[in-house]
There are 2 protein chains.
Amino acid sequence: MPPFDVRFVRNLEQARPRPDRSSAPCVACAVRHLTVCAPLNPAELAEFSTIMKRRHFEPANAVFDEGDLAKHVFNVTSGVVKIYKLLPDGRRQVTGFLIAGDFLGLANEERYAYSAEAVTDARLCCFPRQKFEAMLDNFPAVERQMLMVASHELAAAQEQMLLLGRKTAKEKIASFLLRLSSRYRKRGLQDNPIHLPMSRNDIGDFLGLTTETVSRTFTQLKSSQMIRLLAGGLVELCDIDQLEDIAEGM
Amino acid sequence: MPPFDVRFVRNLEQARPRPDRSSAPCVACAVRHLTVCAPLNPAELAEFSTIMKRRHFEPANAVFDEGDLAKHVFNVTSGVVKIYKLLPDGRRQVTGFLIAGDFLGLANEERYAYSAEAVTDARLCCFPRQKFEAMLDNFPAVERQMLMVASHELAAAQEQMLLLGRKTAKEKIASFLLRLSSRYRKRGLQDNPIHLPMSRNDIGDFLGLTTETVSRTFTQLKSSQMIRLLAGGLVELCDIDQLEDIAEGM
DNA sequence: CGCAAGATTGACGGAGTTCAAGCCGAGTGG
DNA sequence: CCACTCGGCTTGAACTCCGTCAATCTTGCG
């Protein structure tokens, strides 16, 4: 048990978000082609950006909590954000690690169905939800893009269910490393020594394991020369073919 | 091991689908208000239905298989369809049981990312995918409805990840029964003695458990008077409050 | 340096799997 | 109408992977 309630600290930090209205127009956005904003031309982008604020979150800073009124939707532009659900007794399931280009905040009811919290320093584009939805009426291409994004996420969610329900600890870790590497590659980030900024505990809560099992499994993969743990939270994937075989349960 | 390959039989059956062009216009559709067709007026429905065929599937009959070219999208109008993913060694994760009103076939690539198979006799509306997508251009309201549906499914998927990653067998079964009951209620189907047409094995593959554990857990809930197993695959939920407490891990 | 938080390692136990045997019920055929 | 069969369900016993608990090690930071 930690000496004080972690969530309390988190909310303190949340109390001082940093709106960043500076300038930084979306035109220069490095990840736009990956986001829901992809289909917009410069003029449309300008219109869209009028309702948008950029915000910065420090590590362990909550973006929103499950049950909060869903007043905003977000795009991650840098850093890592985790989303998760809790059981009353504190058991936690991390349902995703979001990186640059990922969208979050889609809520079918008026409240968020999950919590979101920065893992690293993170920058998010922040749209008031009502204005965002109103905007969609004028930009059907964005709506279609959102449907595509949602459909991708649905496929990823099914993949994750397969992992959670049917894979062993070793298979889970191998799958996790490969998927992360592949997502980094798609965004043009370094994909072989990959950066793991999240704690073992977060990884465990994502894979349905405990911290200890995650740690032991890393050790195991390390001893069999499939990965190397480098300084700064970097992990080198040494034998990708074998990792892929393991990830698929072969 | 079964004496012959189950999938072989399934494909034989699939070879003779039953197109049903009879009449049955969508206007009379009992579940339309729950589907992606909900926003259409009668004239629009007529236009939509020109590209649609109704098909019937018998139990264990494949609707499509993971990896097939995604030529169609579907709406379930009656019966139960399961969707699932497989690992090379045969381990299976059922990612959903679809009932009347549910949409399936959304694929972000050109191929289906999962398999679909009838659990009971099932009727599906079947739309050629390209025509369906073309139609969407004229009916933005349907596209928006699809986004809402996808977003609901995403929330359900996250709930399922919480279940798979963090709940005990007892909590899984209790959650499963309550959710099914709740979905039946929303469609106007009988929600207390609920119908469980799927096998223990299917339930296990949905909840990340084995047949044996599912069976043992049912027995356990039965002995503690929380459920009763009736004839015809009916399950009576006797103490819903307590089941809810269990489902939430309390 | 010294502390605190996270990561690793070890020993042990338990929830759920595996393997195996029996049961039940629906369909079949004599 | 009943014996037979076959698939699915239930129950039992042994095992195992992973969780739990606890101690130690590492790392980053004031």
Side-chain angles (χ1 to χ4, degrees), chain A residues 1-6 9-10 58-60 87 89-93 119-121 163-173 196-223 227-235 246 249, chain B residues 1-6 9-10 59-60 82 87 89-93 119-120 163-174 196-223 227-235 246 249:
Chain A
M1 280 294 130
F4 48 75
D5 187 348
V6 174
V9 173
R10 197 176 64 198
E58 288 174 10
L87 286 171
D89 65 1
R91 278 176 286 172
R92 193 175 59 148
Q93 180 65 41
V119 172
T120 64
D121 275 275
L163 179 150
L164 290 169
R166 289 300 181 216
K167 289 189 182 177
T168 65
K170 205 169 165 186
E171 292 162 1
K172 285 176 177 183
I173 297 283
L196 284 193
M198 64 292 284
S199 69
R200 296 288 185 264
N201 195 28
D202 285 345
I203 297 173
D205 283 347
F206 182 56
L207 301 178
L209 300 170
T210 58
T211 317
E212 293 91 332
T213 300
V214 172
S215 184
R216 274 187 256 270
T217 308
F218 271 116
T219 305
Q220 200 184 335
L221 291 175
K222 201 171 50 178
S223 353
I227 62 171
R228 285 201 305 167
L229 302 184
L230 313 176
L234 287 178
V235 179
I246 292 174
Chain B
M1 283 290 132
F4 48 75
D5 187 350
V6 173
V9 173
R10 197 174 66 197
K82 68 184 177 211
L87 286 171
D89 64 1
R91 278 175 284 172
R92 193 175 60 149
Q93 180 66 39
V119 172
T120 64
L163 178 150
L164 290 169
R166 289 303 182 212
K167 289 189 182 178
T168 65
K170 205 169 164 186
E171 292 162 1
K172 286 176 177 182
I173 297 282
L196 286 193
M198 63 291 286
S199 69
R200 296 288 185 263
N201 195 28
D202 285 344
I203 296 174
D205 283 347
F206 182 56
L207 301 177
L209 300 170
T210 58
T211 318
E212 294 93 329
T213 302
V214 172
S215 182
R216 276 187 252 271
T217 308
F218 271 116
T219 305
Q220 201 184 334
L221 291 174
K222 201 170 52 178
S223 353
I227 62 171
R228 285 201 305 167
L229 302 183
L230 314 175
L234 287 178
V235 178
I246 291 175

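Everything numeric in this text was worked out from a predicted model, so none of it was measured. Residue numbering restarts at 1 for every chain, and letters A, B, ... go by the order of the sequence lines.
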Report the distance from atom CE of B:Met198 to atom P of D:dG8, rounded to the nearest whole Å. 15 Å

Taking the side chain as everything from C-beta on, heavy atoms only, tell me whether B:Arg200 gets closer than 4.5 Å to B:Phe218. yes

Can you tell me how far the CG atom of B:Asp205 sits from the OG1 atom of B:Thr211, to the nearest 0.5 Å? 7.0 Å

Side-chain contact, heavy-atom cut-off 4.5 Å: A:Pro59 with A:Asp121? yes

Roughly, in whole Å, what's the span from CD1 in B:Ile173 to P in C:dG16? 10 Å

Using atom CG of A:Asp205 as one end and atom C1' of D:dG19 as the other, report the distance to the nearest whole Å. 13 Å

Can you tell me how far P of C:dG16 sits from CZ of A:Arg166, to the nearest Å? 13 Å

Describe the nucleic acid contact of B:Leu207 in one word from base, sugar-phosphate, nothing, applying a heavy-atom distance below 4.0 Å. nothing

Give the nucleotide from the list D:dG19, C:dT8, C:dT17 with an atom nearest to the side chain of A:Leu209. D:dG19

Specify the closest pair of heavy atoms between A:Thr120 and A:Pro197, including all atoms of both residues, with the distance to one decimal. CG2-CB, 3.3 Å

Which value, rounded to the nearest 0.5 Å, describes the distance between A:Ile173 atom CD1 and A:Leu221 atom CG? 7.5 Å

Based on the rotation axes of five pairs at each end, what angle does the helix from C:dC1-D:dG30 to C:dG30-D:dC1 bend through, to 10°? 30°

B:Arg92 backbone acceptor or donor facing A:Arg166 side chain under 3.5 Å: yes

Compare all side-chain heavy atoms of A:Leu164 with those of A:Gln93 and state whether any distance is below 4.5 angstrom. yes

Length of the line joining B:Leu229:CG and D:dT10:P, which is rounded to integer Å: 7 Å

I'd like to know whether A:Lys167 forms a side chain to side chain contact (heavy atoms under 4.5 Å, CB included) with B:Leu87, so could you lay out the CA-CA distance, the side-chain angles of the two residues, the decisive distance to 0.1 Å, and finally the verdict. CA-CA 9 Å; A:Lys167 289 189 182 177; B:Leu87 286 171; 3.9 Å; yes

To the nearest Å, give me how far apart CG (A:Asn201) and P (D:dG19) are. 12 Å

Point-to-point distance, once rounded to the nearest 0.5 Å, from OG1 of A:Thr217 to CD1 of A:Ile227: 9.5 Å

Between B:Gly208 and A:Ser199, which is nearer to the 5' end of DNA chain C once each is assigned its nearest nucleotide? A:Ser199

Given side chain to side chain contact (heavy atoms under 4.5 Å, CB included), test B:Arg216 with B:Leu209 step by step and report yes or no. CA-CA 11 Å; B:Arg216 276 187 252 271; B:Leu209 300 170; over 6 Å; no

To the nearest Å, give me how far apart CZ (B:Arg200) and C1' (C:dC23) are. 14 Å

Would you check, one step at a time, whether the test side chain to side chain contact (heavy atoms under 4.5 Å, CB included) holds for B:Lys82 with B:Met198? CA-CA 9 Å; B:Lys82 68 184 177 211; B:Met198 63 291 286; over 6 Å; no

Working to the nearest 0.5 Å, report the span between CG of B:Leu207 and OG1 of B:Thr213. 10.5 Å

Where along nucleotides 23-30 of chain D does protein come under 4.0 Å, by heavy atom, of base (B) or sugar-phosphate alone (S), with - for untouched nucleotides? --------

Once you round it to whole Å, what is the distance between P of D:dC17 and NZ of A:Lys167? 18 Å

Give one of base, sugar-phosphate or nothing for B:Ile203, where a contact means two heavy atoms less than 4.0 Å apart. nothing

In residues 211-223 of chain A, what residues come within less than 4.0 Å of DNA chain C, judged by heavy atoms? A:Glu212, A:Ser215, A:Arg216, A:Thr219

